[in-house]
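Report on the following structure.
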2 protein chains.
Amino acid sequence: MRVLVVEDDPKIASFVTKGLKQSGFAVDQAADGEQGLAYAVGTAYDAVVADIMLPKLAGLQLVQRLRTSGSQVPVLFLSAKATVEDRVRGLQAGGDDYLTKPFAFSELLARVQALIRRSTQAVETSSVTAGDVTLNLLTRAVTRAGEVVELQPREFSLLEYLLRHAGRTVTKTMILEHVWDYSFDPQTNVVDVLVHRLRAKVDPDRRRLQTIRGVGYVFRPV
Amino acid sequence: MRVLVVEDDPKIASFVTKGLKQSGFAVDQAADGEQGLAYAVGTAYDAVVADIMLPKLAGLQLVQRLRTSGSQVPVLFLSAKATVEDRVRGLQAGGDDYLTKPFAFSELLARVQALIRRSTQAVETSSVTAGDVTLNLLTRAVTRAGEVVELQPREFSLLEYLLRHAGRTVTKTMILEHVWDYSFDPQTNVVDVLVHRLRAKVDPDRRRLQTIRGVGYVFRPV
DNA sequence: CTTCGACAACGAGGACGCGCATACGCCCCA
DNA sequence: TGGGGCGTATGCGCGTCCTCGTTGTCGAAG
């Protein structure tokens with residue numbers, strides 16, 4: 001799940017970004033409205049968290065432009081101002097939710113998750129299973145054939161992505177985009193290396209995680 | 001008191017809902033398992049009444065998903081099937097009680113009230129236990145393997161938070177928010193230091209309080 | 001069937017950064 | 001004013017993950 005955070009206050013920005021990353025999101029940061037808009041139109045985010053008061057381009061305008069450009073991405077506004085009128089204006093501009101500073105991070109997290117859940121209309125599952133491999137997002141525990149497997153963060157992230165797309169081919173570019181925050185090809189073989197490490201832990205008999213030469217990989221549940 | 005009723009048969013649904021409302025409960029209705037799960041994860045209900053045979057997502061799966069998402073809400077199953085095996089499976093899946101159709105409404109009511117009474121009592125308990133570690137909220141006393149351990153207020157608070165989320169990963173951000181009242185990252189290593197102090201007292205062999213690198217910590221009962 | 005090129009797999013090495021530990025200092029309360 | 005509690009500062013060790021070079025494998029064309 002990719003989230004864009006548009007916030008000019010570096011303290012709040014790092015706080016929100018850190019928290020979301022710890023909760024398993026891929027997070028991009030933008031420091032002003034223009035940059036935020038550029039990121040948002042360039043990448044398919046699952047949610048946007050934006051401050052109302054932003055340099056260069058205010059949050060409300062940002063969302064309006066985003067909407068006129070056809071994007072349906074759910075937007076959560078942050079603001080110090082809390083009047084009913086402000087909330088209404090935010091929602092009229094195309095925002096989906098509103099949070100007043102100061103806020104508890106857990107509330108932000110809950111709202112972001114709610115927005116994503118609503119927009120994807122997918123029920124939030126806390127575990128993903130494909131074949132004999134199960135991955136629990138809450139405990140970060142992974143089991144294969146009942147055996148517990150210890151995974152690194154990157155490996156966990158990759159496996160989650162593969163399981164969510166089990167049976168479908170995922171390209172290396174898609175993996176780079178979701179497991180890393182790269183929106184470009186860093187010209188390396190990180191993916192290959194990570195796949196190798198993941199196989200050693202999760203697919204020792206090499207039946208599950210198959211290579212599609214020249215394209216990417218498929219996870220075939222067994 | 002909020003109750004969620006998940007039942008696809010409209011006659012039974014309205015019968016149960018009406019009766020509960022008349023008894024003073026706030027009642028929400030869901031017609032299938034997916035909807036029910038969505039409601040249940042989105043709202044803090046005091047009890048859930050669910051049919052076993054549901055469209056889209058069966059009652060048993062519903063409860064399993066609910067439990068893995070961390071919810072402790074008591075669940076009462078309704079079912080036409082009444083074999084002992086069915087009852088066992090229902091309880092294994094995380095259900096709290098079982099009622100066979102057809103049933104008298106007064107019995108349903110009595111059971112729902114009993115479930116709520118039991119669960120709220122459990123919440124108000126004055127001690128939290130996970131594995132061999134017990135923490136008494138009234139006396140502020142902590143024991144590990146029967147031995148009394150002296151804790152400072154902050155350490156106590158952290159341990160309480162960890163025990164209440166035992167088995168689940170808690171991020172540093174969440175800890176900062178609950179143990180301190182920071183809604184911003186104070187850019188320090190307070191959490192690390194406190195974890196270190198807590199480990200020295202409560203987890204000398206370092207088996208319980210484990211590090212999830214880049215994310216936070218898990219308390220694994222032992 | 002052979003050959004060659006391209007891509008993938010794998011192992012080793014190394015840099016960076018996180019978490020841990022320890023020492024220190026401030027502040028509150030007795 | 002002394003001591004305990006607790007936040008701060010800092011160096012170190014190690015885990016994690018990226019890079020690089022080599023080996024292995026696949027596939028297409030001759």
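Every value quoted in this text rests on a predicted model; they were computed, and no experiment measured them. To find a chain, count down the sequence lines: A is the first, B the second, and so on, and within it residues start at 1. Atoms considered below: every heavy atom in the structure, side chains included; atoms not considered: hydrogens, waters and symmetry mates.
When rounded to the nearest whole Å, the span between CZ of Arg154(A) and C1' of dG15(D) equals 14 Å. Separating the CD atom of Gln210(B) from the P atom of dC20(C) is a distance of 12 Å, rounded to the nearest angstrom. With rounding to whole Å, Leu194(B) atom CG is found 19 Å from dG4(D) atom P. One can place CD of Glu150(B) at 10 Å from P of dG5(D), the figure rounded to the nearest angstrom. One atom, CZ of Arg197(A), and another, P of dC18(D), lie 7 Å apart when rounded to the nearest Å. Atoms OH (Tyr182(B)) and P (dC6(D)) sit 12 Å apart, rounded to a whole Å. Per the geometry, CG belonging to Leu198(A) stands 17 Å off P belonging to dA8(C), to the nearest Å. Counting to the nearest Å, the C1' atom of dC17(D) and the CG atom of Leu176(A) are 14 Å from each other.
Over its full length, the helix from dC1(C)-dG30(D) to dA30(C)-dT1(D) turns its helical axis through 20°, comparing axes from the five pairs at each end and rounding to 10°.
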Where along nucleotides 10-19 of chain C does protein come under 4.0 Å, by heavy atom, of base (B) or sugar-phosphate alone (S), with - for untouched nucleotides?
BS-----BBS
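A salt bridge links Arg207(B) to Asp205(B): one of the charged nitrogens lies within less than 4.0 Å of a carboxylate oxygen. A salt bridge links Lys201(B) to Glu155(B): at least one charged side-chain nitrogen sits closer than 4.0 Å to a carboxylate oxygen. Under 4.0 Å is where a charged nitrogen must lie from a carboxylate oxygen, and between Asp203(B) and Arg144(B) no such pair does.
The phosphate of dT8(D) (OP1 or OP2) has a side-chain N or O of Thr188(B) nearer than 4.0 angstrom. For Trp180(A) and dC18(D), the shortest distance from a side-chain N or O to OP1 or OP2 is below 4.0 Å.
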Taking N or O atoms only and anything under 3.5 Å, show me the protein contacts with nucleotides 28-30 of chain C, one pair per line.
none

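Of the options Leu209(A), Thr211(A), Leu162(A), Val190(A), a side-chain contact (heavy atoms from CB on, under 4.5 Å) to Val195(A) is made by Leu209(A) and by none of the others.
When the nearest nucleotides of DNA chain D are assigned to Gln152(A) and Glu155(B) by heavy-atom distance, the more 5′-ward of the two goes with Glu155(B).
Asn189(A) contributes no side-chain N or O that, together with a main-chain N or O of Asp192(A), makes up a donor-acceptor pair within less than 3.5 Å.
Taking the side chain as every heavy atom from C-beta outward, Leu158(A) and Ile175(A) approach each other to under 4.5 Å. At a threshold of 4.5 Å between non-hydrogen side-chain atoms, the residues Val142(B) and Glu147(B) do not count as touching. At a threshold of 4.5 Å between non-hydrogen side-chain atoms, the residues Thr129(A) and Leu135(A) do not count as touching.
For Phe15(A), the ring-ring contact (aromatic ring centres under 6.0 Å, His included) test picks out Phe105(A), Phe184(B), with sequence neighbours left out. Residues passing the ring-ring contact (aromatic ring centres under 6.0 Å, His included) test with Phe156(A): none are found, sequence neighbours excluded. For the ring-ring contact (aromatic ring centres under 6.0 Å, His included) test, residues two or more places apart in sequence or in another chain that qualify with Tyr161(A) are His165(A), His178(A).
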